[in-house]
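Encoded as C-alpha cells, the structure appears first; notes follow it.
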Amino acid sequence: MTAPVFVVEHFRAGDGGHYVLDGPEGRHAVAVKRLQPGEPVVLTDGAGRYAACEVVGTEGRDRLIVRMSPVSEEPAPAPRITVVQALPKGDRGELAVETMTEVGVDAIVPWQAARCITQWKGERGQKALGKWRATAREAGKQSRRVRFPEVADLASTRQVAALLARADFAAVLHSDFAHESRPLATAPLPAEGDIVLVVGPEGGVAREELALFEEAGAGAYVLGRTVLRTSTAGTAAAALLMGRTGRWS
C-alpha cells in the first residue's frame, strides 16, 4: 500500500530532521489513521513539493513526529489538462471534482453556462467554490497526489472562450449529435502545452456558447454514441486523454 499523504504549509524540520505534524492533519494521522513508528508517510504542499518521511512516534492525539527526508519536487505534467465544468445540480459538482482529481486533471474551472440550473451568487457561490476546493484537496490526498488540481474562480462564457483561445488543443464535449462533431478518441493531441476541455450542463451547451467557443478555436467532440451526465463526462474524457497522451504510461 502506498504511503498516506498529508498537507503541510512548510517543510522546516527540527533537530535530527524531525518534523511535527499537528493540527487537523496531525489529528487525522494519529486518531484516524493510527500510524505507528516505522510506517511511511508523505508530506506535501499540494503544489508539487514533497518529502518522504518515516513515523517516529506520537504525542497526544494530534501530533505525529516523523523523520523527514530531503524535499523533492515533482515536475509539472505535460500536457497540462484543464476541465471547464458547467455547474451541476446538488452535490454532483463535488462528485465531478473528486473523480477528476483522482484521474489526474491539473485544473478545474467552474463555469456558469446559460443552461445551468444551479446559480453561484454572493455568499452561496463562495461557499460552493470553497466546497469544490476542499474536495480537490481531500481527493488529492486520497489519490496520493503531491500536485493538487487548481480550482479557479467561477468563469463566465467569455472568460472560458478566452481560455480556449490560449490552449494548444481545445475541445467542447457536445451531446447534440446533429451538430458536426468529431470523436475525441481520434483527435490529434499535443505532446506538451495546454489541453482544455469544456463540459456543458445537463441541458447541453447553448448554440450561442458553442459558436463563441468554436470562434475561439475549440472543436466540437463526442465521447461515443451515448450521452454522459455532466458530472461524469469530464472524468471520462480526462481518462481518455491521460491514456492517449502517455500520462498514464
Between atom [atom1] of [X] and atom [atom2] of [Y], what is the distance when rounded to the nearest 0.5 Å?
X    : Y    : atom1 : atom2 : result
S249 : M242 : OG    : CE    : 11.5 Å
R158 : F213 : CZ    : CZ    : 10.0 Å
L210 : E215 : CG    : CD    : 11.5 Å
E208 : T157 : CD    : OG1   : 10.0 Å
L129 : Q126 : CG    : CD    : 6.0 Å
R92  : E98  : CZ    : CD    : 13.0 Å

Is any side-chain heavy atom of [X] closer than 4.5 Å to a side-chain heavy atom of [Y]?
X    : Y    : value
V30  : R63  : no
L184 : L241 : yes
P110 : W120 : yes
L154 : L87  : yes
V66  : L21  : no
Q159 : W111 : no
E39  : K33  : no
D194 : R166 : no

Distance-minimising heavy-atom pair for [X] and [Y]:
X    : Y    : value
T230 : E202 : CG2-OE2, 3.3 Å
P190 : P79  : O-CG, 3.6 Å
R115 : P201 : CB-CG, 3.8 Å
D106 : P77  : OD1-CG, 3.1 Å
A96  : T235 : O-OG1, 4.1 Å
L228 : T232 : CB-OG1, 3.8 Å

Using modelled atom types only, decide if a donor and an acceptor are shared between the side chain of [X] and the backbone of [Y] within a distance under 3.5 Å.
X    : Y    : value
S69  : A52  : yes
S231 : G93  : no
R144 : A3   : yes
R61  : A31  : no
R147 : A47  : yes
T118 : P88  : yes
Q85  : G234 : no
E25  : V7   : yes

Going through the checks in order, is the side-chain contact (heavy atoms from CB on, under 4.5 Å) test met by I195 and T245? CA-CA 11 Å; I195 292 176; T245 58; 4.2 Å; yes
Full working for side-chain contact (heavy atoms from CB on, under 4.5 Å) between K141 and F148: CA-CA 8 Å; K141 291 165 54 181; F148 303 162; 3.8 Å; yes
May I ask you to check whether over 12 heavy atoms, not counting those of [X], lie within 6.0 Å of atom [atom1]?
X    : atom1 : result
Q142 : CD    : no
R124 : CZ    : no
E74  : CD    : yes
R244 : CZ    : yes

Starting from [Y], can I reach [X] by hopping between I/L/V/M/F/W/Y residues whose side chains sit under 4.5 Å apart?
X    : Y    : result
V83  : L164 : no
V97  : V103 : yes
V56  : V20  : yes
V42  : V71  : no
V109 : V205 : yes

Among V198, V199, L197, which one satisfies side chain to side chain contact (heavy atoms under 4.5 Å, CB included) with V172?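 Output: one option passes, namely V198.
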Under the criterion side-chain contact (heavy atoms from CB on, under 4.5 Å), I'd like the reasoning laid out for E192 against D168: C-alpha separation, chi angles, the key distance, then a yes or no. CA-CA 8 Å; E192 298 181 348; D168 296 282; over 6 Å; no
Dump the intermediate steps for side-chain contact (heavy atoms from CB on, under 4.5 Å) on Q119 and Q112, then the final yes or no. CA-CA 7 Å; Q119 301 285 319; Q112 189 74 66; 3.4 Å; yes
What residues form a ring pair (Phe, Tyr, Trp, His ring centres under 6.0 Å) with F169, not counting sequence neighbours?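 Testing F169 for ring pair (Phe, Tyr, Trp, His ring centres under 6.0 Å), a comparison that skips the adjacent residues, returns Y221.
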